[in-house]
Amino acid sequence: MKIATWNINGFAARLDFLKRWLQDRQPDVVGLQELKLIDDAFPHEEFRELGYEAITHGQKAWNGVAVLSRLPLEILQTGLPGHEEAGARLLTVMVDGDLEFTTVYCPNGKSVEHADYAAKLAWFDGLIEYWQSRDGANAVLCGDFNIVHTALDSWRGAAADGDIFHTQEERARLQAVLDLGLNDLYRDRHPDEQTFSWWDYRGGSCHRGHGLRIDLILGSDAVRDSLLQVATDRDYRKKQDGMTASDHAPVIAELA
DNA sequence: ATGGCTCTCGCGGAGAGA
């Protein structure tokens, strides 16, 4: 089974690109972030034709998450309890009656001085509390975490320590998420490799290797034990026949 | 030091993103 996470930076702007990727990579379950789309505008029929059912938790202009799946889905939770005012950022579904699949678009925080930063930390505290309330035995938590876990995950290395995305407080929150019994599938399999999932649109960052690894697939021990391979799909951070890419690449994991 | 690009809304240019 192939599972994936991808911040598409606008569903409407990425529709054709997304459909091409689905047909090319054939994932079974995909968590999408930053749809910037209301639920009623989602073209379910177009995706059924490709073999995918979708559950969306969207909103107008900002945020928005969804799960696409070739296997049967059932909604378990829409929105992070107690943090709905922060936007549509969390969706948990049951896949095929077996796998608890959560996708998140974690808050950005803007800057360490901004009020959104404190709200970001509080949102993570809410996520930790939410996860503690779930079973989590056969579970995936994937998405755009907007936190760079270690210096290896930033093109600037330790020089970025203390900046937004790289603060001790943010890293402690992400570590607390991992301490809930979740494994960072990419880092678990590739302890020493530097691979990014996001590159700024500006200044040729992608070409210059100026990126961050902030899009993660976390899995419970049962999921980790079934991991065959995991990779960032960098080809889809590049233009395809004139279609503009998201600033995030998909991350794909194959499970036994 | 800042912006460098792209998105949405909505029709100009601002705000957000990371």
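Order of the sequence lines fixes the chain letters, A, B, ..., with proteins taken first and strands second; residue numbering starts at 1 for each chain. Computed from a prediction, not measured in an experiment: that's the story for all the values here.
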Is any side-chain N of the basic residue among Arg48(A) and Glu45(A) closer than 4.0 Å to the acidic one's carboxylate O?
yes
Determine the interplanar angle of the Phe47(A) and Phe11(A) rings, folded into 0 to 90°, and report it as parallel if under 30°, tilted if 30 to 60°, perpendicular if over 60°.
tilted
Residue matched to dA16(B) through Watson-Crick or wobble contacts both under 3.5 angstrom:
dT6(B)
Take atom C1' in dG12(B) and the same atom in dT2(B), then report the distance between them in whole Å.
24 Å
For the pair Arg187(A) (side chain) and His190(A) (backbone), establish whether a donor and an acceptor sit closer than 3.5 Å, ignoring hydrogens and angles.
yes
Sugar-phosphate, base or nothing in reach of His248(A), heavy atoms under 4.0 Å
sugar-phosphate
Contact between Ile217(A) and Tyr186(A) at the side-chain level, heavy atoms closer than 4.5 Å - yes or no?
no
Touch check for Leu212(A), heavy atoms < 4.0 angstrom, all strands: base, sugar-phosphate only, or nothing?
sugar-phosphate
When we call it a touch if two heavy atoms are under 4.0 Å apart, what does Tyr105(A) touch: a base, just sugar-phosphate, or nothing?
sugar-phosphate
Is Lys110(A) touching bases, backbone alone, or none of the nucleic acid, heavy atoms closer than 4.0 Å?
base
Where chain A begins and ends its contact with DNA chain B, read 5' to 3' at 4.0 Å from heavy atoms:
dG4(B) to dA18(B)
Measure the acute angle between the ring planes of Phe17(A) and Trp6(A), then classify it against the limits of 30° and 60° as parallel, tilted or perpendicular.
tilted
Touch check for Arg14(A), heavy atoms < 4.0 angstrom, all strands: base, sugar-phosphate only, or nothing?
sugar-phosphate
Sugar-phosphate, base or nothing in reach of Asp200(A), heavy atoms under 4.0 Å
nothing
What's Asp116(A) touching, base or sugar-phosphate or nothing? Going by heavy atoms closer than 4.0 Å.
nothing
